[in-house]
Protein chains: 2
Amino acid sequence: MSVLTSEELLALLAAVGHAQRLRIVGELAQGRLHVSELARRLGLSRPLLYMHLERLEKAGLVAGALELSADGKAMKFFELLPFDIHVTVDTVLTALREDQALAAGAERGTAEKGKRT
Amino acid sequence: MSVLTSEELLALLAAVGHAQRLRIVGELAQGRLHVSELARRLGLSRPLLYMHLERLEKAGLVAGALELSADGKAMKFFELLPFDIHVTVDTVLTALREDQALAAGAERGTAEKGKRT
DNA sequence: TCCACCTGTAATTCAAATCTGACAGGTGTC
DNA sequence: GACACCTGTCAGATTTGAATTACAGGTGGA
């Protein structure tokens, strides 16, 4: 995952740092599932599950795909993407510095990430 | 950190998964500081900082100690504890299983962590 | 005594995240 | 047509977390 801004790092940590989402990850670890089935297994309402999945997806932890089942029903399958979150003091410091670099760049009008002078 | 319950894992992730707390960690990475000084550097109100520090301390990321300065003033110093958060699918699955084990144990009245039959 | 520091907490407001219930729409089967 | 599935979204209640203000108390020095 190379260098993360603190925004990306936070999205990742906040996404996985929640009881329900941890359970979602645990369930999807055993294989891809469509939303309704997942909702049933976890005992969550479907709208709520959508919200959590959206968060996980934005953080890059899961991926969803709408598929047509054999009998023509639309089904949204979600699968777990391989991830390996590693956070140390350096990770944090690097992310914070990346922010400063971006902010400085934005002030000068060159807001390209990772670019440093 | 050996085996974590999901509660401990969540405490850790939620603690570090917040913008202000990330900044706190970043500041403490450069050395121990007392609360008022830290508040000044980050531009946070002291009560708010207390709340964040409490969270970080409960998660085991920082440690606070009340000390007497040379001129006799009470000062609460906080320092960053070494940490190395590593989260993969296995971490999550292990944590969830640990929960089940604890829950099962609690039902039988033997709520000791890590004990498995 | 007054001022400049410090710690600690209670009360309260405010914002954001979480969660529920209800709706609209689609397909296939009995 | 009625039913059992599925997706998707919105409005609103509720809960949690974040943040401010205000207070009480302590020390040392001018």
Side-chain angles (χ1 to χ4, degrees), chain A residues 6-7 9-28 31-59 61-79, chain B residues 6-7 9-28 31-59 61-79:
Chain A
S6 77
E7 195 177 350
L9 179 59
L10 285 172
L12 213 53
L13 292 171
V16 80
H18 187 274
Q20 306 287 36
R21 291 194 283 268
L22 216 59
R23 292 177 61 218
I24 294 176
V25 169
E27 201 64 42
L28 287 181
R32 62 207 304 269
L33 287 172
H34 62 104
V35 180
S36 290
E37 176 62 19
L38 187 53
R40 245 171 284 142
R41 294 202 189 183
L42 295 174
L44 295 181
S45 72
R46 217 162 33 81
L48 181 55
L49 189 51
Y50 267 88
M51 187 237 141
H52 285 310
L53 287 171
E54 192 179 348
R55 245 185 129 94
L56 287 169
E57 192 166 31
K58 275 183 186 166
L61 292 170
V62 306
L66 189 60
E67 293 177 17
L68 271 278
S69 68
D71 58 343
K73 279 176 189 158
M75 298 183 130
K76 180 120 187 190
F77 276 88
F78 274 89
E79 68 175 334
Chain B
S6 79
E7 194 178 350
L9 180 58
L10 287 171
L12 212 54
L13 292 170
V16 81
H18 185 275
Q20 304 287 35
R21 290 193 284 268
L22 217 58
R23 293 177 60 218
I24 295 176
V25 169
E27 200 64 42
L28 287 181
R32 62 206 304 270
L33 287 172
H34 64 101
V35 179
S36 290
E37 176 62 21
L38 186 53
R40 243 171 286 146
R41 294 203 189 180
L42 295 173
L44 296 181
S45 72
R46 214 160 37 78
L48 180 55
L49 189 52
Y50 267 90
M51 185 237 147
H52 286 309
L53 286 172
E54 192 178 350
R55 245 183 128 93
L56 288 169
E57 193 166 31
K58 275 183 186 167
L61 292 170
V62 306
L66 189 60
E67 294 178 16
L68 270 281
S69 69
D71 58 342
K73 280 178 189 158
M75 297 185 130
K76 181 118 185 191
F77 276 88
F78 273 89
E79 68 175 332

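Just so we're on the same page: letters track the sequence lines, and every chain starts at 1. Quick note: numbers below take in every heavy atom, side chains included, and nothing from hydrogens, waters or symmetry partners.
- In this structure, H18(B) does not reach the dG17(D) phosphate: none of its side-chain N or O atoms is under 4.0 Å from OP1 or OP2.
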Steps toward side chain to side chain contact (heavy atoms under 4.5 Å, CB included) verdict (L49(A), I24(A)): CA-CA 9 Å; L49(A) 189 51; I24(A) 294 176; 3.5 Å; yes
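- Listed candidates were dG28(D), dA19(D), dT20(C). Nearest to the side chain of D71(B) is dG28(D).
- Between Q20(B) and dA19(D) there is a side-chain N or O to OP1 or OP2 distance below 4.0 Å.
- Residue L66(B) has its side chain nearest to dG8(C) when only dC10(D), dA19(D), dG8(C) are considered.
- Between the R21(A) side chain and the A15(A) main chain, a donor and an acceptor come within less than 3.5 Å of each other.
- Distance CG (L44(A)) to P (dT7(D)): 14 Å, rounded to an integer number of Å.
- Counting non-hydrogen atoms under 4.0 angstrom, K76(B) reaches the backbone sugars and phosphates but no base.
- Residue R40(A) places at least one side-chain N or O under 4.0 Å from the OP1 or OP2 atom of dC6(D).
- Regarding E57(B), its CD atom lies at a distance of 14 Å from the C1' atom of dT7(C), rounded to whole Å.
- Atom OH in Y50(B) sits about 18 Å away from atom P in dT21(D), given to the nearest Å.
- Comparing G72(A) and M75(B), the nucleotide of DNA chain C nearest to each residue sits closer to the 5' end for M75(B).
- One atom, CZ of R55(A), and another, P of dA16(C), lie 12 Å apart when rounded to the nearest Å.
- For S69(B) and dT27(D), the shortest distance from a side-chain N or O to OP1 or OP2 is not below 4.0 Å.
- Of the candidate nucleotides dT27(D), dG28(C), dA18(D), dT27(D) has the atom nearest to the side chain of K73(B).
- Of the two residues contacting DNA chain D, namely E37(A) and A74(B), the nearest-nucleotide position lying further toward the 5' end is that of E37(A).
- For S36(B), counting side-chain heavy atoms from C-beta on, the closest listed nucleotide (dC10(D), dA18(D), dT7(C)) is dT7(C).
- For R23(A) and dC19(C), the CZ to P distance is 10 Å, given to the nearest whole Å.
- Phosphate proximity of dT21(D) to S45(B): absent, as no side-chain N or O sits under 4.0 Å from OP1 or OP2.
- Counted within 6.0 Å of CD on E7(B), heavy atoms from surrounding residues, nucleotides or ligands total 12 or fewer; the atom is thus considered open.
- The pair R23(B)-E27(B) does not meet the salt-bridge criterion, since no charged nitrogen lies less than 4.0 angstrom from a carboxylate oxygen.
- Counting to the nearest Å, the P atom of dC5(C) and the CD atom of E67(B) are 21 Å from each other.
- The side chain of H52(A) lies closest to dC19(C) when the candidates are dC6(C), dT9(D), dC19(C).
- Across all non-hydrogen atoms, the minimal contact from F77(A) to E67(A) is CD1-OE1, 3.9 Å.
- Atom CG of L49(A) and atom P of dA17(C) are 18 Å apart (whole Å).
- Contact record, H18(B) with L10(A): N-CD2, 3.2 Å, taken as the closest heavy-atom pair.
- Computed from coordinates, the L42(B) CG to dA18(D) C1' distance equals 15 Å when rounded to whole Å.
- Relative to the side chain of M51(A), the nucleotides dT18(C), dT7(C), dT21(D) differ in distance, and dT18(C) lies closest.
- In this model, the phosphate group of dC5(D) is not approached by any side-chain N or O of H34(A) to a distance below 4.0 Å at OP1 or OP2.
- For the pair R21(B) and dG17(D), the criterion of a side-chain N or O lying under 4.0 Å from OP1 or OP2 is not met.
- Closest to the side chain of L48(A), from the set dT20(D), dT20(C), dT9(C), is dT20(C).
- Checking the phosphate oxygens (OP1, OP2) of dT9(C), no side-chain nitrogen or oxygen of R46(B) falls inside 4.0 Å.
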